[in-house]
Peer 1: 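To start, I am sharing the structure in question, which I have written as structure tokens.
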Amino acid sequence: MAYKEVYFNQYCYKCSHFKEDPNDPESACYDCLSEPVNNDSHKPVKFEESITYMDLR
């Protein structure tokens, strides 16, 4: 079990929470950005792939 740096640049724009205010303590972005490392993954903690992003692939 190893901690890995989160790659926000590869995931945030694909996330369903992308347009939320990252400075609002109630937003999922706020929680994600406050955790720059994750257990065995480069994916942000609260990442949920956006349906609109999946349609563009």
Side-chain angles (χ1 to χ4, degrees):
M1 189 153 93
Y3 285 103
K4 295 184 178 182
E5 178 183 2
V6 172
Y7 292 164
F8 294 112
N9 61 329
Q10 292 180 6
Y11 289 97
C12 286
Y13 71 95
K14 300 177 190 177
C15 185
S16 61
H17 303 290
F18 182 63
K19 296 194 178 203
E20 292 181 17
D21 180 8
N23 296 315
D24 178 9
E26 300 295 318
S27 79
C29 292
Y30 185 86
D31 293 336
C32 252
L33 293 171
S34 67
E35 298 186 43
V37 293
N38 197 359
N39 249 350
D40 294 323
S41 176
H42 293 290
K43 191 181 293 187
V45 184
K46 301 275 185 175
F47 176 76
E48 295 175 11
E49 191 164 27
S50 173
I51 292 171
T52 54
Y53 177 76
M54 289 189 297
D55 291 342
L56 296 174
R57 289 193 277 175

Peer 1: Among all residues two or more places apart in sequence or in another chain, which pass the side-chain contact (heavy atoms from CB on, under 4.5 Å) test with Asp21?
Peer 2: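 side-chain contact (heavy atoms from CB on, under 4.5 Å) check on Asp21 returns Asn23, Asp24.
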Peer 1: Would you compute the distance between atom NZ of Lys43 and atom CD of Glu49 and round it to the nearest 0.5 angstrom?
Peer 2: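 One finds 7.5 Å between NZ of Lys43 and CD of Glu49.
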Peer 1: Linking Ile, Leu, Val, Met, Phe, Trp and Tyr by side-chain heavy atoms under 4.5 Å, what else ends up with Phe47?
Peer 2: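 Other cluster members: Tyr7, Tyr11.
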Peer 1: Any idea which heavy atoms bring His42 and Glu5 closest together, and the distance?
Peer 2: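 That closest heavy-atom pairing would be ND1-O, 2.7 Å.
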Peer 1: Taking Asn38 for its side chain and Val6 for its backbone only, find out whether a donor-acceptor pair lies under 3.5 Å.
Peer 2: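 Here the side-chain-to-backbone pair does not exist.
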Peer 1: My understanding is that a hydrophobic cluster links ILVMFWY residues whose side chain heavy atoms are under 4.5 Å apart, including indirect links. Using that, what else belongs to the cluster containing Tyr30?
Peer 2: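 Via sub-4.5 Å side-chain contacts, Tyr30 links to none.
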Peer 1: Can you see which heavy atom on Ser27 is nearest to which on Pro22, and at what distance?
Peer 2: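 Looking at all heavy atoms of both residues, the shortest contact is OG-CA, 4.2 Å.
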Peer 1: Does Tyr3 offer a backbone N or O that forms a donor-acceptor pair with the side chain of Asn39 under 3.5 Å?
Peer 2: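 Absent.
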Peer 1: Can you list everything that forms a side-chain contact (heavy atoms from CB on, under 4.5 Å) with Lys46? Sequence neighbours excluded, please.
Peer 2: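 In terms of side-chain contact (heavy atoms from CB on, under 4.5 Å), with neighbours along the sequence ignored, Lys46 is linked to Ala28, Asp31, Cys32.
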Peer 1: Can you name the residues that form a side-chain contact (heavy atoms from CB on, under 4.5 Å) with Cys12, not counting sequence neighbours?
Peer 2: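 By the side-chain contact (heavy atoms from CB on, under 4.5 Å) rule, Cys12 matches Phe8, Phe18.
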Peer 1: Please name all residues satisfying side-chain hydrogen bond (donor to acceptor under 3.5 Å, both in side chains) with Glu35, sequence neighbours left out, ordered by chain then number.
Peer 2: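 By the side-chain hydrogen bond (donor to acceptor under 3.5 Å, both in side chains) rule, Glu35 matches no residue at all.
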Peer 1: How would you list, by chain and number, every residue that makes a side-chain contact (heavy atoms from CB on, under 4.5 Å) with Pro36, sequence neighbours excluded?
Peer 2: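 Testing Pro36 for side-chain contact (heavy atoms from CB on, under 4.5 Å), a comparison that skips the adjacent residues, returns none.
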Peer 1: Look up atom OG in Ser41 and atom NZ in Lys4, then write down how far apart they are to the nearest 0.5 Å.
Peer 2: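 Interatomic distance, Ser41 OG to Lys4 NZ, rounded to 0.5 Å: 7.0 Å.
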